[in-house]
Visitor: 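Have a look at the structure that comes next, please.
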Protein chains: 2
Amino acid sequence: MTNAGATTPARRRSDRRAPTKSDLTRERIVAAAAHVLARRGYAGTKLSDIAERAGLRAGSLYYHFADRDALVDHVVQQGVAETERHVVAALAALPTGSDPLSRLQAAVRAHLEAILDIGDVSSAGLQLLRQLPPELQRRYRAAQRSYGQVWDDVIRAGQTAGAIRSDMDPVRLRLFVIGQLNWVAEWPVSARGKRADLVDEAVELVTHGVVPR
Amino acid sequence: MTNAGATTPARRRSDRRAPTKSDLTRERIVAAAAHVLARRGYAGTKLSDIAERAGLRAGSLYYHFADRDALVDHVVQQGVAETERHVVAALAALPTGSDPLSRLQAAVRAHLEAILDIGDVSSAGLQLLRQLPPELQRRYRAAQRSYGQVWDDVIRAGQTAGAIRSDMDPVRLRLFVIGQLNWVAEWPVSARGKRADLVDEAVELVTHGVVPR
DNA sequence: GTCTATACGACGATAGAC
DNA sequence: GTCTATCGTCGTATAGAC
């Protein structure tokens with residue numbers, strides 16, 4: 001018997017019932033897959049490595065996922081979704097009427113924190129993009145679009161209000177900023193320093209650049 | 001007969017004799033390998049794909065390289081080396097006594113141009129880093145160190161002169177800046193706009209950040 | 001739910017003809 | 001220098017026992 005298709009009967013976010021054994025194993029598998037994907041790339045990710053890390057045998061993965069690509073897709077989708085949730089929550093937590101620059105800074109902070117905390121699955125681990133087969137790439141881009149929208153709204157509002165420079169296309173501005181943060185995932189851990197300092201520095205640099213104030 | 005070991009007898013940079021047929025094929029192979037590596041990752045790069053792109057059969061690659069890893073290593077090394085040459089040349093081309101901020105801006109410009117022009121082999125395509133087997137990773141890091149040194153010298157000089165903010169570790173500053181530029185390789189081509197504009201914007205953003213001046 | 005066993009296809013690498 | 005042919009290995013996926 002297999003359970004591989006949709007996540008067992010249709011399970012919604014509002015379903016708060018206790019996780020079954022299957023749910024827990026599934027989560028371990030996804031975490032393991034994210035870990036391996038982040039270091040070995042799409043093609044280098046072997047089911048046997050994922051299985052070993054999750055504490056079972058390769059063949060057993062097929063009870064939980066239809067095939068390798070279904071698992072990869074799940075990881076990739078969850079990565080963007082979680083990052084987006086983190087950023088949206090940070091924006092929502094700001095006092096109403098916060099100035100536009102503060103909103104951008106909050107987004108920077110939240111995005112970088114997502115990379116540092118859930119780097120394996122976050123959008124950063126997802127320089128996988130180019131390696132994915134066309135169908136997965138398509139699905140991933142769709143998820144990215146939704147997340148990009150969050151940023152573009154913040155940036156555009158800031159430009160309208162005069163708090164963010166208007167001499168640059170908002171999309172390119174976003175790509176530059178997010179890219180700077182994403183690359184932190186590639187840093188040697190030894191260079192990262194204290195988490196709080198790193199985040200503060202990123203915000204400072206995005207805001208004012210390398211020139212002294 | 002094979003030629004796979006060192007590049008035929010010891011050939012030095014000063015040897016300016018006409019390239020043999022073997023040299024030319026070798027170059028095609030390296031370019032093809034860079035292309036495939038940049039999109040498929042380390043494990044996803046198949047010799048048959050490289051060979052097809054270079055216009056020969058998979059088996060024939062072994063005349064030019066000892067094995068798959070020797071070819072990958074060559075591409076990776078050449079990527080850092082060419083990027084470094086580009087940046088060093090740009091710095092050398094500045095008028096003597098140029099101010100430290102201008103030097104940093106020239107480096108930004110040159111690094112980004114390298115990514116745009118030789119992206120497949122440049123250091124950007126080399127988010128491969130984490131995917132490489134330990135030995136190749138070690139060799140790659142060594143090459144990176146030399147290149148990082150170029151940047152660190154520029155940044156430190158700027159900080160000493162008061163032209164670059166001194167409240168940040170120069171290494172982290174470098175990683176932030178280079179990361180921002182490297183990520184451009186991941187941008188959809190459609191978002192890049194005109195090359196000259198893109199480069200100007202990058203310099204502006206690195207220098208002054210997102211706040212209007 | 002997870003295991004073992006196995007069918008099957010790819011890919012890296014070598015040998016030897018041309 | 002490049003080709004064709006082939007061997008060996010490894011990884012995905014399936015079948016069926018427990």
Side-chain angles (χ1 to χ4, degrees), chain A residues 1-9 11 18-33 36-37 39-75 131-133 135-136, chain B residues 1-9 11 18-33 36-37 39-75 131-133 135-136:
Chain A
M1 178 49 179
T2 178
N3 191 21
T7 320
T8 334
R11 165 107 36 116
T20 65
K21 178 186 174 192
S22 185
D23 289 334
L24 293 173
T25 306
R26 221 182 130 93
E27 275 170 37
R28 274 181 8 246
I29 294 173
V30 172
V36 180
L37 279 167
R39 16 223 120 205
R40 293 282 166 271
Y42 171 74
T45 294
K46 295 176 285 188
L47 294 183
S48 54
D49 290 345
I50 297 173
E52 184 180 12
R53 217 183 145 76
L56 31 66
R57 303 296 187 140
S60 311
L61 296 176
Y62 287 86
Y63 174 79
H64 300 275
F65 293 91
D67 59 18
R68 187 175 173 278
D69 277 359
L71 172 52
V72 173
D73 183 58
H74 187 92
V75 171
Q131 300 177 25
L132 300 177
E135 172 59 14
L136 291 189
Chain B
M1 178 48 179
T2 176
N3 191 23
T7 321
T8 334
R11 164 107 38 115
T20 64
K21 176 186 175 192
S22 185
D23 289 334
L24 293 172
T25 306
R26 220 181 131 91
E27 275 170 36
R28 276 184 2 250
I29 293 173
V30 172
V36 180
L37 278 168
R39 16 223 119 204
R40 293 284 165 271
Y42 171 74
T45 294
K46 296 175 284 188
L47 294 183
S48 54
D49 290 345
I50 297 173
E52 184 181 11
R53 216 184 146 76
L56 32 67
R57 303 295 187 144
S60 310
L61 296 176
Y62 288 86
Y63 174 79
H64 300 275
F65 293 91
D67 59 17
R68 188 176 172 278
D69 277 358
L71 172 52
V72 172
D73 183 58
H74 187 91
V75 171
Q131 300 177 24
L132 300 177
E135 173 59 16
L136 292 189

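Convention: sequence-line order gives letters A, B, ...; per-chain numbering from 1.
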Visitor: Is it the case that the side chain of Asp73(A) and the backbone of Ala70(A) share a donor-acceptor pair, with hydrogens and angles ignored and the cut-off at 3.5 Å?
Guide: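 No, the answer is negative, given that no donor and acceptor are paired below the 3.5 Å cut-off.
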
Visitor: Distances under 3.5 Å only, N/O to N/O: pair up the protein atoms with those of nucleotides 3-10 of chain C.
Guide:
from   : atom 1 : to       : atom 2 : distance (Å)
dC3(C) : OP2    : Arg57(A) : N      : 2.6
dC3(C) : OP2    : Ser60(A) : OG     : 2.5

Visitor: How would you list all residue pairs meeting side chain to side chain donor-acceptor pair (under 3.5 Å) that involve residues 45-62 of chain B, not counting sequence neighbours?
Guide: His35(B)-Arg53(B)

Visitor: Just to verify, what does Arg68(B) make a side chain to side chain donor-acceptor pair (under 3.5 Å) with, not counting sequence neighbours?
Guide: Tyr42(B)

Visitor: With respect to the side chain of Thr20(B), which nucleotide from dG1(C), dA13(D), dG1(D) is positioned closest?
Guide: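 Minimum distance to the Thr20(B) side chain belongs to dG1(D).
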
Visitor: In whole angstroms, how far is the P atom of dT12(D) from the CG atom of Leu47(A)?
Guide: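 Atom CG in Leu47(A) sits about 4 Å away from atom P in dT12(D).
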
Visitor: Grab the CG-P distance between Asp49(B) and dC11(C) for me, whole Å please.
Guide: 7 Å

Visitor: If I take atom OH in residue Tyr63(B) and atom C1' in nucleotide dA13(C), what distance separates them, rounded to the nearest angstrom?
Guide: 18 Å

Visitor: Check every atom of dA13(C), dA13(D), dG1(C) against the side chain of Arg68(A) and return the nucleotide holding the closest atom.
Guide: dA13(D)

Visitor: dA13(C) phosphate, OP1 or OP2: any side-chain N/O from Tyr62(B) under 4.0 angstrom?
Guide: yes

Visitor: When you compare the side chain of Phe65(A) with that of Ile29(A), does any pair of heavy atoms fall below 4.5 Å?
Guide: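 A side-chain contact under 4.5 Å exists here.
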
Visitor: Working to the nearest 0.5 Å, report the span between NE2 of His74(A) and CG of Leu136(A).
Guide: 13.5 Å

Visitor: Of the listed nucleotides (dG1(D), dT2(C), dT2(D)), which one gets closest to any side-chain atom of Thr25(B)?
Guide: dT2(D)

Visitor: Nearest 0.5 Å, what's the CG-CG distance between Leu37(B) and Leu132(B)?
Guide: 8.5 Å

Visitor: With sequence neighbours excluded, what pairs up with Arg28(A) under the salt bridge (Lys or Arg N to Asp or Glu O under 4.0 Å) test?
Guide: none

Visitor: Over how many whole Å does the gap from Glu27(B) atom CD to dG1(D) atom P extend?
Guide: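 So the two atoms are 14 Å apart, to the nearest Å.
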
Visitor: For Leu71(A) and dG11(D), what is the distance between atoms CG and P respectively, to the nearest whole Å?
Guide: 16 Å

Visitor: Taking the side chain of Asp67(A) as heavy atoms from C-beta outward, which of dT2(D), dA13(D), dG1(C) is closest to it?
Guide: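 So the side chain of Asp67(A) is nearest to dA13(D).
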
Visitor: Measure the distance from CZ on Arg26(B) to P on dT2(D) and round it to the nearest whole Å.
Guide: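 For the pair Arg26(B) CZ and dT2(D) P, the rounded distance is 12 Å.
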
Visitor: Can you tell me the distance, in whole Å, between the CD atom of Glu52(B) and the P atom of dT2(D)?
Guide: 16 Å

Visitor: Once you round it to whole Å, what is the distance between P of dA13(D) and NE2 of His64(A)?
Guide: 16 Å

